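All heavy atoms count here, side chains included; hydrogens, waters and symmetry mates do not. Predicted model, so just to flag it, every value in this text is computed and none were measured. Here is how names work: the chains are called A, B, and so on, in the same order as the sequence lines, proteins then strands, and each is numbered from 1.
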Number of protein chains: 2
Amino acid sequence: MVNKDPFYLGRLQDYYALHRLIPSYAEIASLVGVSKQGAVKFIDRMIFAGYIRKGSGGRLSPANMFFARPHVGRAPAGFASPATEALGDAITIDEYLVERPSSTVLVSVRGDSMIDAGIHDGDFLIVERNTNPNIGKIVVAIVDGDFTIKYLRSGSDGLFLEPANEDYPNIYPETSLDIYGEVVGQFRKF
Amino acid sequence: MVNKDPFYLGRLQDYYALHRLIPSYAEIASLVGVSKQGAVKFIDRMIFAGYIRKGSGGRLSPANMFFARPHVGRAPAGFASPATEALGDAITIDEYLVERPSSTVLVSVRGDSMIDAGIHDGDFLIVERNTNPNIGKIVVAIVDGDFTIKYLRSGSDGLFLEPANEDYPNIYPETSLDIYGEVVGQFRKF
DNA sequence: TTGCCAAGTGTACGTTCGTACACCATGCTG
DNA sequence: CAGCATGGTGTACGAACGTACACTTGGCAA
């Protein structure tokens, strides 16, 4: 008989997708159709393989491999590299994009003033609240009470905002520049 | 005294980010600095507010609101709309972008042949395996053993691939066209 | 063929968990 | 001022949990 662990793991992943919780050994047992001790042995294997972790009190939680999605790398050759190395330690897209959840908001993009930076109308931006970002970053600024997404530049007259679209002019603040945050990521659905 | 629940919730979210597990009542108690029964009451409030769910055996798991990130909408006026309506029912960026985890892979983008579609060098694409996508979609095709990202078009001589960059030519397959999957999403870190 | 390891079953046990009930302090409202 | 909802504490208890140990079965290698 072939190795049934991938099938077991699939059941576990389905359950997790539904409940966001790794069930108890007894529940795993009935979920995959083995005895409670069979489940214990199975989970031991999953822990060894890096799919599952054990928290305090022996409670189970998913580990990195549990979320790993096949990543087809830049390599020209084909389907190699099942790893998610390129994503670093992140185990979900969420974790890759959002480093500081408590100070992060999402912003919808309207208009095409940043299109040369690959930011299109309808995109979502991941914005970290930070009123003092570095020069050169893409920032969310508040101009006339409205959000605007631009590059933060520094000129001889101080800071100004530069769009990534030659059809739009630079914005030079009359008094001061209100920065809402820094754009750290972007995503879009087709 | 102000409402301390947001502070409690923050502790819980930090813990969850670390362990991917809502701790037991006893652990919550020591985490936020109240008694076990205080934790029970607090969790009751969180359940009522939609932040936490209860699974089998009374075990706690995060619910929709637990992941909700403030979403600053398209509205010109300001910081309104804490809701994530624009993301639909998705509670994480992951769930928004990946609808069918089992048939989804990530692909790194190399080159700028799709730059007018907002797909830049270094971006990640969410690709659903599907060898028969609809005309007009962005697809991952296999040409000469290499991946290539292009629009799938239909002409008088059958299917062909069209880049989103006028510096690149259309690709007309000599025999047949190998489609790996359809590009359903994209994300990038700045 | 013998031996061994891996996968799975059954039973038992101490601990921890979630739940319930009684009670206290605070602040707002009629 | 009385009343009451809210947030919190302390104690108690049965159920469910994770763990441990002994045993069985099947496949594979020596």
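Counting to the nearest Å, the P atom of D:dT19 and the NZ atom of A:Lys54 are 3 Å from each other. Atom P of nucleotide D:dG7 and atom CZ of B:Phe7 are separated by 16 Å, given to the nearest angstrom. One atom, NZ of B:Lys41, and another, C1' of C:dC23, lie 10 Å apart when rounded to the nearest Å. The nearest whole Å value for the distance from the CG atom in B:Leu60 to the C1' atom in C:dT19 is 12 Å. A:Tyr8 places its OH atom 12 Å from the C1' atom of C:dA6, with the value rounded to the nearest Å. For B:Asp44 and D:dG8, the CG to P distance is 12 Å, given to the nearest whole Å. As rounded to whole Å, 17 Å separates atom P of D:dA16 from atom CD1 of A:Ile28. In this structure, B:Arg53 atom CZ and C:dG18 atom P are separated by 16 Å, rounded to whole Å.
A 4.5 Å side-chain heavy-atom check between B:Ser108 and B:Phe124 finds at least one atom pair inside the cut-off. Side-chain contact check for A:Val184 versus B:Phe190: every heavy-atom pair is 4.5 Å or farther apart. Here the side chains of A:Ile126 and A:Leu106 are in contact, with some heavy-atom distance below 4.5 Å.
Hydrophobic cluster membership differs between B:Tyr15 and A:Leu21, with clusters built from Ile, Leu, Val, Met, Phe, Trp and Tyr side chains linked at under 4.5 angstrom.
When heavy atoms are screened at a 4.0 angstrom cut-off, A:Ser35 is found touching base atoms of the nucleic acid. Residue-level contact check: A:Gly58 touches the backbone only, with heavy atoms under 4.0 Å from sugar-phosphate atoms and none from bases. Base contact: B:Gly38 has a heavy atom under 4.0 Å from a base atom.
Across B:Lys189, B:Gln186, B:Arg110, a single residue satisfies side-chain hydrogen bond (donor to acceptor under 3.5 Å, both in side chains) together with B:Asp123, and that is B:Gln186.
For A:Lys36 and C:dG10, a side-chain-to-base donor-acceptor distance below 3.5 Å is absent, hydrogens and geometry of angles not being considered.
Neither OP1 nor OP2 of D:dA15 sits under 4.0 Å from any side-chain N or O of B:Arg59.
The residue among A:Gln37 and B:Phe42 whose nearest nucleotide of DNA chain D lies closer to the 5′ end is B:Phe42.
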